[in-house]
There are 2 protein chains.
Amino acid sequence: MEALFIMVAKHSGTSQEIKALDAYITLRRAGNTIAAKLNRDIIGHKLTAGQFGILEALFHLGPLSQQTLAKKILSSKGNITMIIDNLEKQTLVKRTASPDDRRTTIIQLTPTGKKMIGKIIPGHLKKIISMMSALTLTEMTELKRLCKKVGLSNQLEKTL
Amino acid sequence: MEALFIMVAKHSGTSQEIKALDAYITLRRAGNTIAAKLNRDIIGHKLTAGQFGILEALFHLGPLSQQTLAKKILSSKGNITMIIDNLEKQTLVKRTASPDDRRTTIIQLTPTGKKMIGKIIPGHLKKIISMMSALTLTEMTELKRLCKKVGLSNQLEKTL
DNA sequence: TTGAAACGGTTCAATATTAAACTATATTGT
DNA sequence: ACAATATAGTTTAATATTGAACCGTTTCAA
């Protein structure tokens, strides 16, 4: 479920407040629209969002501990255990003990897993590019600047 | 879990492609940062996002059928049944039969529910406004225009 | 050095979520 | 009129998600 926008539409306040709410709702809608399309893509490949996130992180960053994965995809430790369990059942990843720290398990892509995610990512990127191409180059740059300004001043942490 | 951005950062392509991906990732991050804060607010009130969405819709739009609620908060019918069950247990909403159609149940806020959501919403709006106020008025307007342009050309459906 | 605290992972209970099958009711086309 | 179809909601099975309790390991500070 995604945040609702009815309250925003119904709000009456100063012109500045309305503009702020209005900008927020539009920002969220644009993002959600795109994210929904990407998600359909992921589901089409028989993966959940969490599974996709893990595979992608491993693909781009190499083997990682579960702890690190939890931070990367912003999910609870318990959930990571479950996602890895399921990915392991499909032999897309495998657990290995860390040589440095006996508490830690390192997650690696199997060849199957690597092949699979490697095939999905290009199409995924193409979708994003195609959707953002509603904007001109100048507009993309400006959108980025504005979003950064909003994001930075409200930041919680910098993943990635 | 939220879409991962590592792939975007790692992508090498034409300058236009990189700008498109870059704009997307920043857009998503800004939105997610704000949404995460709002979500913490909701959890702080002992509500799930779905419960909050339902209460808010009922507050602003009056009694609605479960079908309508499902569309409003973009959730499955089955899930709505469950959310309403839980809200009913806490006596925040109640089910009533529709006089027009015997298949339909109409969901209404109880006085308790109305009081509760009515108390939460103003703070919620204030949070959004405060976070968006990183931007000037002109910037808000421009952000809205750009997001609308992206959103519209990729639209699935118009809720609300 | 050793006891306390922190950390990485797993497990558990509770709730959420979806998709599909199902029940009951309503609508529609012939 | 009535069979086919569509709709509203519930139920079920499978999986996801979180937070808390827990276990073993590591770190740190007195």
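In what follows, every chain begins at residue 1, and chains take the letters A, B, ... in the order their sequences are listed.
- As rounded to whole Å, 17 Å separates atom P of D/dA14 from atom CG of A/Asp85.
- Of the residues listed (A/Leu58, A/Leu61, A/Ile54), the one engaging A/Lys72 in a side chain to side chain contact (heavy atoms under 4.5 Å, CB included) is A/Leu61, and it is the only one.
- Annotation: of the two residues near DNA chain C, B/Arg103 and A/Ile43, the 5′-most nearest-nucleotide partner is A/Ile43.
- For B/Thr81, whose side chain is taken as the heavy atoms from C-beta onward, the closest listed nucleotide among D/dT25, D/dG9, C/dG9 is D/dG9.
- Rounded to an integer number of Å, the gap from B/Ile54 CD1 to C/dA16 C1' is 13 Å.
- Taking the side chain of A/Met82 as heavy atoms from C-beta on, and the options D/dA16, D/dT26, C/dT25, the nearest nucleotide is D/dA16.
- In this structure, the CG atom of B/Leu47 is 20 Å from the P atom of C/dA14, given to the nearest Å.
- Each of A/Thr48 and B/Ser65 has a nearest nucleotide on DNA chain D; the 5'-most of these lies closest to B/Ser65.
- Scanning both residues, B/Cys147 and B/Leu27, for their nearest heavy atoms gives SG-CD1, 3.9 Å.
- Taking atom CZ of A/Arg40 as the reference point, atom P of C/dT18 lies 14 Å away to the nearest angstrom.
- Although no hydrogens or angles enter the test, the distance criterion places a donor-acceptor pair under 3.5 Å between the side chain of B/Thr110 and the main chain of B/Leu92.
- Closest approach to the A/Ser76 side chain among C/dT18, C/dG8, D/dT18 is made by D/dT18 (side chain taken as heavy atoms from C-beta onward).
- If you measure from atom CG of A/Asn86 to atom P of C/dT17, you get 19 Å, rounded to the nearest angstrom.
- Listed candidates were D/dT17, D/dT25, C/dG9. Nearest to the side chain of A/Ile83 is D/dT17.
- Across D/dT10, C/dT17, C/dT10, the shortest atom-to-atom separation from the side chain of B/Arg95 is found for D/dT10.
- When the C1' atom of D/dA16 is taken as reference, atom NZ of A/Lys46 falls 17 Å away, rounded to whole Å.
- Rounded to an integer number of Å, the gap from CG of B/Asn79 to C1' of D/dT11 is 14 Å.
- Of the possible donor and acceptor atoms, one in the side chain of A/Thr141 sits under 3.5 Å from a partner among the backbone N and O of A/Leu137.
- Whole-Å rounding puts the A/Leu69 CG to D/dA16 C1' distance at 17 Å.
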